[in-house]
Amino acid sequence: MLGRTDDRPTQALADHAGCLPIAEVRDELLRLIKMHDTTILVGETGSGKSTQLPQFILQSGMARGGCIAVTQPRRVAAISVAGRVAQEMHVTLGVQVGYSVRFDDTSCARTRIRYLTDGMLVREALADGDLKRYKVIILDEAHERTLSTDILFGIVKRLQACRRQDLKVVVMSATLDAAKFADFFGAGRVLHLLGRQYPVELLYLPEPVDSYVDAVLKAVLQIHAHQPPGDILAFLTGQEEIEALQRLIPERAGHMHASGDSGQATLVPVPIFAALPPEQQAKVFEAAPPGCRKVILATNIAETSITVPGVRYVVDPGFVKARSYSARTGGDSLQVVPVSKAQARQRSGRAGREGPGKAFRLYKEETFQALPAASAPEIQRVSLALLMLQLKQLGIEQPQDFDFMDRPSTSAMLRALELLLALGALGAEGALTPLGRHMVRLPVEPVFAKVLLAGAQLGCSQEALSVVALSSTDPIYIANRGMQDSAAQAWKPFMSALGDHITKLNIYSSFLEVRKADRRRWCTEHHLNFRSLKKAVDIRAQLAEHLKQLKVPMASCGSDMAPLRQALLSGLFINAAVLLPDNTYRLQASSQKVMIHPSSVLHGRKPPCIIFEELLRTTRSYARNVTVIEASWLPETAPMYFCSKSTATAAPLREGWQ
DNA sequence: GAGCACTGC
């Protein structure tokens, strides 16, 4: 079986490594898994662990009477690995081997190996606390430490305590910090697998640089001038830098040709980042024309999500744009920060997929040594309201006492619990209320779950569904450099003086009125993101189905937007702010000063009272996605926040759910 | 008068 299983990287590798390394340790691996409840498996890229191990376990009979779950952090991985395994086993995808991701479940009662996104398995655990159908749970790519994987760590550990001998867990990771996993699970042994990676030569700069963008440009030109053929993958932090280098590289490279360096191949820059339309993303997979060398200018999307073929050189300036959340202010910020050692290794590894490569790290070797081993796990960087709600649903009365691999800060947990209390999801004694149990069923942040349920009570569930679905997708606006004016013109007919939510609702309604076949073109004409709007349609349908199951009444408020704005206030009241004489706003909950973000339709309009979705800290604190409300609505919607705390009573909306 | 990395339910 193993001889013909490998369709990955190259033929040359088969000669190089013989067969998949995992095949050699198959029996040893199965013996260990049989012997221990939990096994830690460290496998480098290309070790075959994701495809082979589940098949070994299935053949061994260990999953008899049940199913094997294999989690992945990303949808594409779950889908593509399932497809490959079905092919190897000569079975139909969706029968013995299947996958389950949001909006797409290709599995059935007969499925024995089930690939899922980690978020999907968390959802299953929320519905069926015992995960009874699974005899084996494999947590793959555990080193990525997504929020969902971290929840699953605690869930499976707890499950094993009550389902003794009946649940095997395998934690698979690509990095060498397996000791931490072994320690957490009390796992007896850690097994290491050889990867199938070609050697990558690491080159550092002797001195630090002033501008990393400039340094990337220089490095690319030097590689082009002095290194043998092979494409270059350069990491940058965002769209703006990528577009700048896309212009500069041909300019400078052209200059080199003009100065007499003839016979040189042409450098072709190819951008890749998530917001790029799919047709343009596809260009990174096309081979460079003869006599050309591709320079892929990428964000960290090329670290894990996308593997570009043909890359032999990696240029890594050592920076990444990362989001961080402050529990103190409740604000988000997006900052350019140094990468971790693990990230730098992941990046340089991209040069060794098809042959020996070189990685140019644009910093000193000492700088690398001083980098943190890994970036902070997601659980320590995000708002924890959803996590705390889910832990309560899992029956963990004191979420602070949950068995975390890395504990989030107490202040972040307390802030989240306070929010849930104010939303009415938790009662005074800290238990889930009926409203909270409804909220946990909805796959959105608790504030938006509250908007949906409040919308139902206020007679505007149709509108609330659309607005919440739109808030759960990527931005729907496309504003390319130099076309802001025409874009603003195209959006004008949809703009509402009531704010961004109702403006987006107008866009969504118009989108739906367009014939399906014409929607893509309509979006292009209106400078709107077709993908985002289409996704909003899918999410809305899923949320509507959940509301139906919860027997929540569906109604429309027609053209009167007041109920919808009140529903938004019911969820977003902690982000209520009033206008000050200097035209800034003061947050009611914390007295912080904020300004309306210039991208908002309300920018410059000075409404006296607003709510907003997100506080973004850049040079200043900006409110993004803003809606106008009446100040008189504040006290009755969230008395806990706007009256004296000692006399606060439950919000009126909560009464209906008690 | 600023600028949005990347996932996921």
Side-chain angles (χ1 to χ4, degrees), chain A residues 71-78 100-105 116-127 141 144-152 235-244 272-276 298-306 319-324 332-337 339 343 346 375 377-378 381-382 386-387 389-390 439-446 448-449 468-469 472-481 484 488 529 532 535 538-539 542-543 545-546 583-584 595-600 602-605 614 616-625:
Chain A
T71 67
Q72 296 289 334
R74 280 171 292 280
R75 292 165 55 95
V76 278
S100 174
V101 298
R102 191 183 196 181
F103 306 127
D104 190 2
D105 185 353
L116 325 83
T117 43
D118 48 15
M120 208 65 188
L121 192 58
V122 170
R123 281 280 153 205
E124 287 188 12
L126 291 170
E141 311 288 358
E144 290 198 22
R145 302 293 307 276
T146 67
L147 185 56
S148 294
T149 301
D150 269 26
I151 301 173
L152 289 172
F235 286 97
L236 291 152
T237 69
Q239 180 173 355
E240 200 178 336
E241 288 171 8
I242 288 173
E243 285 171 350
I272 179 86
F273 48 91
L276 204 64
T299 60
N300 44 348
I301 193 173
E303 263 172 33
T304 48
S305 302
I306 286 179
F319 289 97
V320 64
K321 202 176 278 185
R323 198 182 186 97
S324 66
D332 274 313
S333 64
L334 215 48
Q335 284 174 313
V336 173
V337 295
V339 296
Q343 230 173 342
Q346 177 71 25
S375 350
E378 192 183 4
R381 289 184 287 118
V382 296
L386 181 60
L387 172 70
L389 188 69
Q390 291 179 337
M439 283 166 60
V440 81
R441 296 274 298 270
L442 300 167
V444 288
E445 283 293 318
F448 289 118
V468 169
S472 302
T473 59
D474 292 333
I476 59 170
Y477 302 110
I478 297 174
N480 289 335
R481 169 186 298 279
Q484 272 101 333
N529 189 327
S532 298
K535 196 174 162 199
D538 291 339
I539 293 174
Q542 190 191 36
L543 293 172
E545 178 57 32
H546 281 292
N583 291 335
T584 65
M595 294 177 74
I596 294 179
H597 195 275
S599 66
S600 170
L602 293 178
H603 180 74
R605 290 207 187 213
E614 192 183 25
L616 186 75
R617 302 175 75 88
T618 54
T619 47
R620 287 166 161 159
S621 289
Y622 286 102
R624 285 179 42 193
N625 291 321

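Remember, predicted model here, so these are calculated numbers, not experimental data. Naming convention: chains lettered A, B, ... in sequence-line order (proteins, then strands); numbering from 1 in each chain. Values below: every heavy atom of this structure, side chains too, minus hydrogens, waters and symmetry copies.
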Knowing that exactly one of A:E144, A:E141, A:E303 qualifies, which makes a salt bridge (charged side-chain N to carboxylate O under 4.0 Å, His left out) with A:R74?
-> A:E144
Among [options], which nucleotide sits nearest the side chain of [X]?
{"X": "A:A274", "options": "B:dA2, B:dC9, B:dT7", "answer": "B:dT7"}
{"X": "A:L334", "options": "B:dG8, B:dC6, B:dA5", "answer": "B:dA5"}
{"X": "A:Y622", "options": "B:dG8, B:dG3, B:dA5", "answer": "B:dG3"}
{"X": "A:M120", "options": "B:dA2, B:dT7, B:dC9", "answer": "B:dC9"}
{"X": "A:S305", "options": "B:dG1, B:dT7, B:dC9", "answer": "B:dT7"}

Rounded to whole Å, how long is the line connecting atom [atom1] of [X] with atom [atom2] of [N]?
{"X": "A:R323", "N": "B:dA5", "atom1": "CZ", "atom2": "P", "value": "11 Å"}
{"X": "A:D150", "N": "B:dT7", "atom1": "CG", "atom2": "C1'", "value": "14 Å"}
{"X": "A:E378", "N": "B:dG8", "atom1": "CD", "atom2": "C1'", "value": "8 Å"}

What residues form a salt bridge (charged side-chain N to carboxylate O under 4.0 Å, His left out) with A:R323, not counting sequence neighbours?
-> A:D332, A:E614
Sugar-phosphate, base or nothing in reach of [X], heavy atoms under 4.0 Å:
{"X": "A:S148", "value": "nothing"}
{"X": "A:R102", "value": "base"}
{"X": "A:L147", "value": "nothing"}
{"X": "A:P475", "value": "base"}
{"X": "A:V101", "value": "sugar-phosphate"}

For A:S324, the side chain to side chain donor-acceptor pair (under 3.5 Å) test, sequence neighbours excluded, returns A:S333
Can you check whether A:L543 reaches A:P443 side chain to side chain, under 4.5 Å on heavy atoms?
-> yes
Report yes if a side-chain nitrogen or oxygen of A:T299 is closer than 4.0 Å to either non-bridging phosphate oxygen (OP1 or OP2) of B:dC6; otherwise report no.
-> yes
